[in-house]
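Each remark here refers to the structure printed beneath this line.
These numbers come from a predicted model, not from an experiment. Remember, it's 1-based here, ligands and their atoms both numbered in the order they're listed.
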Amino acid sequence: MSAKPATVTDRRYKISNFMESFLIKGGVPLHGEVEISGSKNAALPIMAATLLTGEPCVIRRVPDLSDTQFMVQILESLGAMAKFANGTLTVHAKKIKGYADYELVRKMRGSICIAGPLLARLHKARISLPGGCIIGARPINLHLKGFEALGAKIKIEGGYVDATVKKLAGTTMFLGGRAGSTVLGTANVMMAAVLADGVTVIESAACEPEVVDLADFLTAMGAKISGAGSPTITVTGVEKLHGAEHEVIPDRIEAATFAIAAAATDGEITIRGARADHLRAVIDKLNEAGVSVEKRGANLVVRRKGKLKPSDVTTLPYSGFPTDVQAQMTAMFTLAPGISIITERIFESRFMHVSELARLGADIEIEGPSAIVKGGRPLSGAPVMASDLRASAALVIAGLAAKGTTQVNRIYHLDRGYERMDAKLRKLGARIQRVEEK
Ligand code: EPZ
């Protein structure tokens with residue numbers, strides 16, 4: 001492999017160089033142990049929740065990613081003091097303002113979840129509307145519906161959402177939408193409701209473990225919340241919240257990604273620090289495909305039992321099969337002889353990986369919300385383009401299983417959600433290198 005190793009540009013904020021790629025020499029079964037990082041999708045709303053108090057908060061096991069680095073920048077642009085080192089983030093939002101930097105918020109959709117805390121604490125929030133997203137329209141109408149139900153006035157002008165309120169008042173609301181519950185919508189409204197007058201009941205709330213982790217942190221700050229993890233969450237407003245410490249849950253999507261990489265390469269790995277109870281739907285599908293996932297103490301041991309078998313997957317809100325694992329599973333099923341049908345029910349256009357997998361020799365047809373995978377044809381390495389976070393993970397998995405060399409370009413998408421993915425894979429024996437894109 002002659003390509004020039006990548007030079008990292010801005011380490012302080014770890015914003016990867018756009019022009020980096022992974023060079024993967026495939027065909028090596030993964031072996032060994034991998035440690036799972038903290039969850040990106042739990043950390044982001046928890047980081048925003050630190051804005052709810054003027055006292056210091058300490059958050060541990062925050063993954064070092066471009067998304068969490070963006071959130072640190074956003075907290076600082078609001079006036080908070082933030083120190084992030086070795087996975088521990090200390091935030092002191094003593095004095096803050098109600099509007100965040102347009103460019104920063106626009107860059108990362110997850111930053112929408114600062115709206116609830118700002119509205120609760122300052123009774124006003126002015127943030128840029130999150131832009132479109134390659135995986136779907138991703139409107140925020142349910143977030144705004146929740147804020148309005150709590151009494152806020154919402155104005156959308158010049159690309160900004162302006163929310164103002166004299167005092168938030170608890171109420172009962174239904175937060176279900178086109179695809180069922182909303183994860184960040186539930187998080188945002190829950191964070192607005194913790195300082196509201198009276199009781200708020202959120203019906204059709206998201207049940208994701210990340211919502212439960214946020215509720216645990218808010219409770220540690222003095223909030224009164226019950227029912228997190230169920231479709232009905234009840235929040236009894238309090239006067240004030242105080243500082244708190246919290247450790248973020250492990251990243252179930254990262255754990256699922258490594259489990260699928262082991263299965264696709266016919267390897268055997270031990271996943272350390274993952275929560276099996278957060279992965280039931282994924283483990284169930286892997287078992288159906290002929291992959292054993294054995295719980296050994298706090299670890300999961302993943303290995304194939306012979307040939308991969310085809311199966312059908314439909315993405316659903318939690319505890320159904322996670323949409324954030326759909327692309328990786330699609331890549332794995334290209335290796336299973338027979339027909340697998342993958343149906344995406346959460347996002348309208350989350351099959352960007354399909355045309356790139358075809359470049360590696362996969363046979364997949366899109367029929368409406370489903371991908372029909374005719375699996376079993378060996379994959380061979382080629383240059384492919386990452387389009388979004390999870391699609392990129394699918395291309396890495398396919399590259400690890402393919403014969404020859406695969407170049408995955410635009411890996412800045414991966415750095416948004418996977419901490420040191422290439423280093424972790426190298427530790428499992430993968431021949432993967434981060435290089436500057438040619
Ligand atoms: C969270 O996004 C995750 N992001 C996503 O992970 C994940 O795919 C998604 O939940 C679903 O599990 C973070 O937590 C930062 P939703 P979120 O609101 O909350 C529609 C990754 O790869 N909807 O639950 O933005 C929406 O369009 C990312 O890590 C409305 O119609 O997703 C979608 O079809 C990608 N109106 C569905 O609901 C709204 O106001 C579910 O979206 C809000 C959502």
Next on the checklist: I want to confirm something. Looking only at heavy atoms, which of Thr186, Asn188, Leu389, Thr323 is nearest to atom 11 (C) of ligand 1?
Outcome noted: Thr323
Checklist entry - Which option, Asn141, Thr182, Asp388, Ile112, owns the non-hydrogen atom nearest atom 30 (C) of ligand 1? => result Asn141
Is the shortest N/O to N/O distance between [X] and ligand 1 below 3.5 Å?
{"X": "Ile346", "value": "yes"}
{"X": "Arg138", "value": "yes"}
{"X": "Ala179", "value": "no"}
{"X": "Ala137", "value": "no"}

Grab the two heavy atoms, one from [X] and one from [Y], that are nearest each other, plus how far apart they are.
{"X": "Lys40", "Y": "Asp251", "value": "N-OD2, 3.2 Å"}
{"X": "Leu184", "Y": "Pro45", "value": "CD2-CG, 4.2 Å"}
{"X": "Ser111", "Y": "Met71", "value": "CA-CE, 3.9 Å"}
{"X": "Val62", "Y": "Ala43", "value": "CG1-CB, 4.4 Å"}
{"X": "Ala149", "Y": "Met173", "value": "CB-CE, 3.9 Å"}

Checklist entry - Is any NZ, NE, NH1 or NH2 atom of the basic residue among Glu254 and Lys424 found under 4.0 Å from an Asp or Glu carboxylate oxygen of the other? => result yes
Next on the checklist: Check this for me, if you would: do Glu210 and Arg252 make a salt bridge, where the nitrogen-to-carboxylate-oxygen distance has to be below 4.0 angstrom?
Outcome noted: yes
Around [atom], find the nearest protein heavy atom and jot down its residue, atom name and distance.
{"atom": "atom 3 (C) of ligand 1", "result": "Asn41 ND2, 3.7 Å"}
{"atom": "atom 26 (C) of ligand 1", "result": "Phe347 CE2, 4.2 Å"}
{"atom": "atom 39 (C) of ligand 1", "result": "Pro139 O, 3.1 Å"}
{"atom": "atom 24 (O) of ligand 1", "result": "Val183 N, 2.8 Å"}
{"atom": "atom 5 (C) of ligand 1", "result": "Asp324 OD2, 3.7 Å"}
{"atom": "atom 40 (O) of ligand 1", "result": "Leu142 N, 2.7 Å"}
{"atom": "atom 22 (O) of ligand 1", "result": "Arg390 NE, 2.8 Å"}

Item to check | Donor-acceptor pair between Asp324 and Gln326 side chains, under 3.5 angstrom | outcome: no
Numbered atoms of ligand 1 (with element) below 4.0 Å of [X], judged on heavy atoms:
{"X": "His143", "answer": "40 (O)"}
{"X": "Lys40", "answer": "21 (C), 29 (O)"}
{"X": "Arg178", "answer": "33 (C), 34 (O)"}
{"X": "Arg350", "answer": "8 (O), 22 (O), 35 (C)"}

Checklist entry - Does Gly185 reach ligand 1, in the sense of a heavy atom lying below 4.0 Å from it? => result no
Next on the checklist: Under 4.0 Å, counting heavy atoms only: does Arg109 come that close to any atom of ligand 1?
Outcome noted: no
Item to check | Verify atom 7 (C) of ligand 1: protein non-hydrogen atom under 4.0 angstrom away | outcome: yes
Evaluate the side-chain proximity of [Y] to [X]: yes if any heavy-atom separation is below 4.5 Å, no if none is.
{"X": "Pro117", "Y": "Asn188", "result": "yes"}
{"X": "Leu308", "Y": "Met332", "result": "yes"}
{"X": "Ile156", "Y": "Asp162", "result": "no"}

Next on the checklist: Counting only heavy atoms not in Lys145 (residues, nucleotides, ligands), do more than 12 fall under 6.0 Å from its NZ?
Outcome noted: yes
Next on the checklist: A quick test of your reading: do over 12 heavy atoms of other residues, nucleotides or ligands sit less than 6.0 Å from NZ of Lys167?
Outcome noted: yes
Next on the checklist: Checking contacts here: is it the side chain or the backbone of Leu184 that comes within 4.0 Å of ligand 1, counting heavy atoms only? Could be both or neither.
Outcome noted: both
